[in-house]
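A quick write-up on the structure given underneath.
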Amino acid sequence: MKIKNITALFLILLSIWILLNNQFQIEVMIIGVILSFVISIIMGSRITVFNELKFSLGSVFYTIWYLFVFLAELVKSNLDVARRVLTPSLPINPGIIKTKTVLKSKMGRMILANSITLTPGTLTVDIEDDILYIHCIDVCCEDIDKATAAIVNKFEKILVKIYG
Amino acid sequence: MVKNSLIFIVLIGFAVLLADLFVGFNGNTDLNTLANHYAVSGPEEVGSANLVTAVVVTYRGLDTLGEVTILFLAAAIVSFLLKVEAGASRNRKLRSTSEILDTASKILVPVIFLFGIYVFINGHLSPGGGFQGGAIIASGLVLMLLAQPAKEVGHKLITLVESISGISFVLIGVAGVLFAAGFLDNKLLSLGKFGTIFSAGVIPVIYIFVGLKVGAELSGIITNLQENQNEA
Amino acid sequence: MGNILEIIGAVLVLLGSVFLFLGALGLVRMPDLYNRIQAGTKASTLGTFLTLFGLLLIIPEWWGKLVLLMIFILITNPVSSHVLARAAHYIKIPLTEKTVADLLDKEETTYKVNEEIKNE
Amino acid sequence: MENLNLEIITLITGIILVLIGIWGLLTQKNLIKIVIGFTLFNTGIHIIMVSIGYVKNRTAPIIDQSVNINDVGNSVVDPVPQALVLTAIVIGLGVTALMLTYVLKMYQKRKSLEINNYNDLKW
Amino acid sequence: MINLIIAIVIGVLILIMAIIAVHHKNIVVGIIAAGVVSLFASILYLLLAAPDVAMTEAAIGSGLSTVIFFYVLNKIKRQNG
Amino acid sequence: MVNTLLFISAIIILLAILLTLYRFIKGPTAPDRLVAFDVMTVSSLALIGLIAKFSSRIIYLDVAIVYGLLSFLGVIIVSRYFERGL
């Protein structure tokens, strides 16, 4: 498992190095490879979050699909917030509710929580094992299953395919 | 009353001092002679695209050595003052870290380290250099400590990195005296093609050592100020 | 062709700045801390994202650093607001009166909440 | 509007920032507040130094595609004050850390952050 | 022209923040305000064509110096038990 | 055309920063001010991007990356201080 972890970290660091430099001279690449290798060897033993990545064609496809779903939700959320802010009476109905997730991997849970924070009227306040506490601008339902269906599911069903 | 008027007088005094600066100043339209020399002949003499780096590392290299020494002294005094007597361990009740912050820090810390190293390797091409890179690396350490506050950071490693990079910095300077024109002269290595990563002679090497040294010193200050890092 | 891209980019930048403005307006208008965090985070994230994307369309040569910036913002911004909301709930910053539910059962705080944090 | 230059604006900002910093240093009673005043004073001095090095309508002293290499002397600002400020900021951090350490030590001795309780040298 | 407008607004912001930093009776708010001063100072440096200095100020002024202040404040608070 | 639009957006961003300044002054609690600080950093990140475009220097974006990576440290450390987690 360790090899996979270090490889994933190495690839991520190398692509960041290339994006930073934005040029493909041979010296720059050599330095980048050496640096990413050293950093991923040093940090790789401690950082195990990359273990959960699946290297397959399907996961790449679902990542891109996820990005599209996420961006659409992001725009929707902003229009929602903008509408609420601009209405003079300030139509809000806030509260903190519970939802459940089936994701086990830490990475997947972080991405899920971040997505929830950035989407319509919801903000992750706390996470305890598989319970997510979410602050809503407009509380739909206090029941845990209904809330899960309304808020979490649309992201989760894609993330399950990527992170298992 | 007397105190207030004294404060008032001091403020007025400073205002007058600084206003003097302000009245005579109308904005520059041209560089002065020294700056003009640095700007015009800097690229050929030093080979560094970033003129600030040229000034910091070569033209005023000795000042940089002094400044790194001052920083070292500050870090040493901080660690000396905060040393606690052995056996004074208090058990602290900490609020646990949120899992999201923990995961995010694990992703971001290697990225921050890589970016810090990018900043000081590219010090002669883009803004940045040893001081900024060191600060960024120390910030990565801070993120690590924020996510896992109970973690102990190896003081020995920090001290080791600091001493090795400091000694190497001075040795490069001395090598400049022996093999080239003077202390910290950058023609120790060939200048290379202007604008590429292997250019500007010895500047990238010096900046790597300065970056490691500054990063280690700032990390030392931070780990000393953090609550549970005070082993004797 | 390039001209059209530039104009689209400039419009996107304008849109992004409008979102930033709306976020700041939400920050001013919302009644309690949590709603303020909601308005602030979402609007500022999308606003900055759109601004950088517009710049990407205007100056395509800068794509590397702009893409990196967008990724970093998408990772760091929600994390910081989550940590802030969690801390605020822990030290019992009150929710607004309009609140309908608070299902996060508060753990007993182990220390007395400092007056210095809560008031003025 | 005629003689309202960028460097004049920043110079004024820096000067007033220095004055605010000194005012804070002199009037505040809390030790940490005094250190905050010191950092503001520091920042003000840095802004003054950088704005004195600015040259009208010129760009940063870093040569890449957007600067003509044969005409560097007429297209960049003064690099020397920037180099000085660069190191001064880092040293400022070291000094701030040192001052805060002293504050911590003083607090451990007397359990107080009020400057008025430290009157050993008062005559 | 736009640079002038940005500089004026940022300058005014810096001064307001500095006054808050010195004058506010809550130390936490004072430290945050000092961080904001550093943040905007770094934009001023960028306008003055000094990206090196801006980068240093961004990394040190708003990041590390806030961190150091809060670590010390934390230690002081813990002394009280 | 393009430049005019960008000028207008820069001015709108400045107005947004001024609004957050109002929240910073008003308070009422310290975490409220922290939210204002967060929004300010992100807005100024967008402003830095625009300044880089106005000066047409890509190197200014390095400063923006420093902001993007490190600005959330300030928010996190203050939050951890509030919840006694340092």
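Throughout, a chain's letter reflects where its sequence line sits, starting with A, and its residues are numbered from 1.
Within a 6.0 Å sphere centred on CZ of B:Phe72, heavy atoms belonging to other residues, nucleotides or ligands number 12 at most.
When heavy atoms are compared at a cutoff of 4.5 Å, F:Tyr60 does not approach chain B at all. Of the two parts of B:Leu108, only the side chain, counted from C-beta on, holds a non-hydrogen atom closer than 4.5 Å to a non-hydrogen atom of chain F.
Proximity to chain B among residues 13-24 of chain F is not found for any residue, judged by heavy-atom separations below 4.5 angstrom.
We find the CD1-CG distance between F:Ile77 and B:Leu143 to be 10.5 Å, quoted to the nearest 0.5 Å. Distance check, rounded to the nearest 0.5 Å: CZ of B:Phe115 to CD1 of F:Ile65 gives 5.0 Å.
Of the residues listed (F:Leu70, F:Leu73, F:Val66), the one engaging B:Ile112 in a side chain to side chain contact (heavy atoms under 4.5 Å, CB included) is F:Leu70, and it is the only one.
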